[in-house]
Novice: 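The structure is given below, and queries will be raised subsequently.
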Amino acid sequence: MTYPLFHPRNRDPRPTTLTAQEFAERFAGESTHVEFSERFSQRDITASVVAFSNTEGGVILVGVDNRGQVKGATWNGDQEQKVHGWVADISDPGRYDIHDLEVGASRAVVIAVSRRTEGFAQTGDGRLLVRRGASNRAVVGAELSRFVADRSLQRFETTPTVVDLADADPDLLVDLARAWSWGDVGIHERLEERGFLERKGEKSKLTVAGVLCLLREPHRILGKTFVEIFRYRGEGNVEDRRVEITGPLPTQVRKATGLVLEEIGYELVVIGVTRYELPRLPEVVLREAIANAVAHRSYEASGASIRVEIRPDRVTVVSPGGLPEPVTLDNIREQNAARNLAVISTLRRYRLAEDAGRGVDLMQDEMAANLLAPPEFCEDGASVKVTLPLTGVVTPEERVWITELGRRGSLGPRDRLLLVFAARGEVLTNARAREILGVDSLLARQALQRLRDRGLLIQRGERGGAEYLIGTDLEPTTGPSTPSTVDVPLWEGIDRVTGGARRVRLSDEDIDSLVVGLAREGPVTNALVRERTGLDRIEALAVLAHLVDAGLLERRGERRGTHYVVPGSR
């Protein structure tokens with residue numbers, strides 16, 4: 001069968017422009033796989049998405065009248081969000097892509113819809129539609145019964161196993177009931193309702209989801225249903241540490257998250273007498289990546305585990321199975337779907353996963369808020385990989401400065417990044433802000449003016465010639481800084497209230513060590529100690545006197561010429 005241009009099964013290159021004649025040749029009229037829509041109509045577009053999802057897929061061309069004449073369509077970010085929202089209201093749509101197409105001097109918007117491979121789609125009001133010729137037709141009566149029977153989706157997680165309910169761990173059963181707030185009555189009925197149990201007559205068998213949540217060692221029944229963590233010292237393929245994280249799924253998420261955080265540690269930055277401990281990855285981001293892998297992996301792939309790789313500059317999480325329909329890499333932030341509904345719902349009950357539709361948003365937003373590079377998502381049909389970079393466009397010292405500045409009031413990710421570049425001495429313009437943030441002119445201007453209105457940037461010039469500079473009282477703190485990676489658990493280094501870097505004043509021993517270290521490099525004066533530590537004059541004198549008494553420094557000179565050296569120096 002020949003499929004039209006842009007159809008998911010058509011492998012021809014997808015152009016961004018066509019002449020009017022080329023468009024007419026490619027799309028001669030509406031058909032089984034083509035629908036014209038002169039305007040953005042929620043009812044018409046959702047009906048076609050459902051119909052194409054339930055048959056062989058198809059192409060919706062918005063801005064084209066029913067005679068195939070391109071009248072043009074307005075397409076911007078707001079309209080795109082509306083379309084994603086309309087599709088999100090559909091029950092189980094197929095995967096889809098949206099393309100912007102120039103036809104002569106006009107524009108059409110292409111919505112390419114794939115056929116669902118599992119189950120069937122319905123409109124928000126429950127209609128089940130299929131594509132017949134050039135129209136969308138409701139399926140009713142006997143045809144509806146046959147269609148549903150043929151396309152009925154059996155979620156693998158609700159498949160019964162050979163494990164009896166009596167074999168469930170009693171403590172895990174109590175924990176699960178508590179997480180779901182079931183109380184002490186009707187537990188068996190609640191388990192069955194939620195997909196953890198199947199009862200047939202006198203027999204009660206745990207489902208796949210039941211085994212995953214109610215056995216201490218589910219992998220002994222279901223295969224490699226666990227998390228494997230691999231640590232690499234470089235880019236090679238030979239790991240220097242490998243750990244299997246087994247157990248019920250909530251335990252896997254907690255243990256895997258904790259172990260990875262221990263491995264990557266945090267960035268330690270010392271500025272003056274203050275030590276800052278910065279997370280190399282926000283805990284909530286790593287936990288969400290692992291929880292999503294556990295919840296959305298294909299458990300039919302019993303020979304493959306979830307794989308977490310730790311490398312010097314990144315952490316990757318790879319889970320068996322592709323993205324669940326209708327999610328694609330392009331719409332991953334706008335759409336959500338659950339391959340294992342009982343599992344993801346349970347992890348949310350344990351507060352180990354975000355609410356539906358919030359996971360990817362949270363990961364991207366938290367990485368941006370911590371001035372780290374964004375997470376990267378990749379799918380090859382057989383697996384989904386999430387890469388979490390341990391680096392960003394800013395230094396640890398700059399992250400410390402922004403964290404401190406944020407204590408004056410809330411700073412959004414865009415605000416933080418612009419302030420860093422301004423603090424480096426750049427004069428910001430609207431064009432430069434667009435380049436830094438990757439946004440349009442309006443959002444760039446709003447961000448610059450927001451920082452100006454808060455007194456964080458100073459505006460010079462007006463309108464198109466406006467430039468913005470860092471406020472003179474906001475320049476980053478000077479002083480010695482010693483960034484290093486320390487292998488300690490993340491939860492010892494993060495302020496639970498602010499979620500940012502924890503500030504710790506250096507101990508007396510740390511200050512002594514810092515001053516002696518300065519003396520090894522050359523003569524030390526009271527002024528130098530004040531500059532490098534932030535101590536006042538009396539405090540600096542007390543430190544120097546203490547070090548002289550301890551025999552760690554030697555005083556030389558008088559009055560303004562007084563300086564301190566390590567004993568034995570010339």
Side-chain angles (χ1 to χ4, degrees), residues 3 6-14 53 57 84 87 92-99 112-119 153 155-157 222-232 234-239 242 244-245 252-253 256 260 281 285-286 288-311 313-340 343-344 353 359-361 363-364 367 373-390:
Y3 295 96
F6 293 106
H7 190 285
R9 293 184 180 178
N10 185 320
R11 300 305 180 189
D12 292 341
R14 295 179 171 181
S53 298
H84 285 307
V87 178
D92 296 327
R95 294 183 177 182
Y96 69 98
D97 296 304
I98 303 177
H99 308 276
V113 184
S114 297
R115 180 186 187 275
R116 274 198 65 88
T117 59
E118 299 176 320
L153 170 63
R155 291 185 181 273
F156 183 75
E157 66 169 349
L222 300 175
K224 299 182 71 172
T225 53
F226 50 75
V227 179
E228 289 186 280
I229 298 178
F230 299 83
R231 184 181 67 188
Y232 299 86
E235 292 301 319
N237 295 321
V238 179
E239 73 275 4
R242 174 181 172 274
E244 287 184 4
I245 306 294
Q252 290 186 37
V253 174
V260 174
L281 270 184
V285 172
L286 179 61
E288 188 66 22
I290 294 174
N292 276 341
V294 166
H296 298 305
R297 66 156 288 174
S298 170
Y299 283 99
E300 291 99 323
S302 59
S305 65
I306 292 169
R307 183 183 180 97
V308 180
E309 296 183 359
I310 304 172
R311 295 187 185 269
D313 62 344
R314 65 190 184 277
V315 173
T316 59
V317 182
V318 183
S319 58
L323 291 168
E325 297 174 305
V327 181
T328 66
L329 293 178
D330 291 333
N331 66 22
I332 195 169
R333 184 155 182 156
E334 290 82 12
Q335 297 297 336
N336 67 89
R339 173 176 283 114
N340 304 299
V343 170
I344 187 61
V360 173
D361 289 16
M363 293 169 65
Q364 293 177 331
M367 292 292 276
E376 301 170 8
F377 301 89
C378 179
E379 181 198 24
D380 61 9
S383 64
V384 176
K385 178 168 72 173
V386 180
T387 300
L388 304 174
L390 299 177

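Since the structure is predicted, the reported quantities are computational estimates derived from the model, not experimental observations.
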Novice: I'd like to know if Arg314 pairs up with Glu235 as an ion pair, taking the criterion as any Lys NZ or Arg NE/NH1/NH2 lying under 4.0 Å from an Asp or Glu carboxylate oxygen.
Specialist: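 Salt bridge: yes.
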Novice: Please name the pair of heavy atoms, one in Ser298 and one in Gly321, separated by the smallest distance, quoted to 0.1 Å.
Specialist: CB-CA, 4.0 Å
Novice: Heavy-atom count check: over 12 atoms from other residues, nucleotides or ligands less than 6.0 Å from Lys224 NZ?
Specialist: yes
Novice: Counting C-beta onward and ignoring hydrogens, is there a side-chain heavy-atom pair between Ser302 and Leu222 closer than 4.5 Å?
Specialist: no
Novice: Testing the basics here: between Leu323 and Leu329, what is the closest heavy-atom pair and its distance to 0.1 Å?
Specialist: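 Closest heavy-atom pair between Leu323 and Leu329: CD1-N, 3.8 Å.
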Novice: Atom CZ in Arg9, atom OG in Ser114: separation rounded to 0.5 Å?
Specialist: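 The CZ atom of Arg9 sits 8.0 Å away from the OG atom of Ser114.
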Novice: Write down the atom of Ala256, the atom of Val227, and the distance for their closest heavy-atom approach.
Specialist: CB-CG1, 4.2 Å
Novice: To the nearest 0.5 Å, what is the distance between CD1 on Ile332 and CG on Asp361?
Specialist: 10.5 Å
Novice: Answer yes or no: is there an ion pair linking Glu239 with Arg307, defined by an N-O contact shorter than 4.0 Å?
Specialist: no
Novice: Under the criterion side-chain contact (heavy atoms from CB on, under 4.5 Å), I'd like the reasoning laid out for Thr328 against Phe377: C-alpha separation, chi angles, the key distance, then a yes or no.
Specialist: CA-CA 10 Å; Thr328 66; Phe377 301 89; over 6 Å; no
Novice: Any side-chain to backbone donor/acceptor pair from Asn10 onto Tyr3? Under 3.5 Å, distance only.
Specialist: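 Present.
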Novice: Can you name the closest pair of heavy atoms from Met367 and Ala373 and give their distance?
Specialist: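 Where Met367 meets Ala373 most closely, the heavy atoms are CE-O, 3.2 Å.
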Novice: Determine whether a donor-acceptor pair (N or O, by modelled atom type, separation under 3.5 Å) exists between the side chain of Arg311 and the backbone of Thr316.
Specialist: no
Novice: Quick check: does any side chain N or O of Arg231 sit under 3.5 Å from a backbone N or O of Val260, one acting as donor and the other as acceptor?
Specialist: no
Novice: Rounded to the nearest 0.5 Å, what separation is found between the CD1 atom of Ile310 and the CD1 atom of Ile229?
Specialist: 6.0 Å
Novice: Within the side chain of Arg115, is there an N or O that forms a donor-acceptor pair under 3.5 Å with the backbone of Ser53?
Specialist: no
Novice: Look up atom OH in Tyr299 and atom CZ in Arg339, then write down how far apart they are to the nearest 0.5 Å.
Specialist: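 It comes to 10.5 Å.
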Novice: Determine, step by step, whether Val343 and Glu157 satisfy the side-chain contact (heavy atoms from CB on, under 4.5 Å) criterion, reporting the C-alpha distance in whole Å, the side-chain angles of both residues, the deciding distance to 0.1 Å, and the verdict.
Specialist: CA-CA 8 Å; Val343 170; Glu157 66 169 349; 3.6 Å; yes
Novice: Determine whether a donor-acceptor pair (N or O, by modelled atom type, separation under 3.5 Å) exists between the side chain of Gln252 and the backbone of Thr225.
Specialist: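 Yes, the answer is positive, given that a donor and an acceptor are paired below the 3.5 Å cut-off.
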Novice: Checking side-chain contact (heavy atoms from CB on, under 4.5 Å) against Val386, which of Glu376, Met363, Glu288 comes through?
Specialist: Met363
Novice: Are the side chain of Asn340 and the backbone N or O of Ala295 linked by a donor-acceptor pair below 3.5 Å?
Specialist: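 Pair found, side chain donor or acceptor close to backbone of Ala295.
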Novice: Look up atom NE2 in His99 and atom CG in Asp330, then write down how far apart they are to the nearest 0.5 Å.
Specialist: 8.0 Å
Novice: Under a 4.5 Å cut-off applied to non-hydrogen side-chain atoms, are His296 and Val384 in contact?
Specialist: no
Novice: Where do His84 and Ile98 come nearest, in terms of heavy atoms and distance?
Specialist: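 Here His84 and Ile98 meet closest at CE1-CD1, 3.9 Å.
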Novice: Given the ring of Phe6, does Arg14 sit roughly above its face, with NZ or CZ under 6.0 Å from the centre of the six-membered ring and within 45° of the axis?
Specialist: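 Cation-pi check for Arg14 and Phe6: fails.
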Novice: How far apart are the closest heavy atoms of Ile344 and Ala353, and which atoms are they?
Specialist: CD1-CB, 3.9 Å
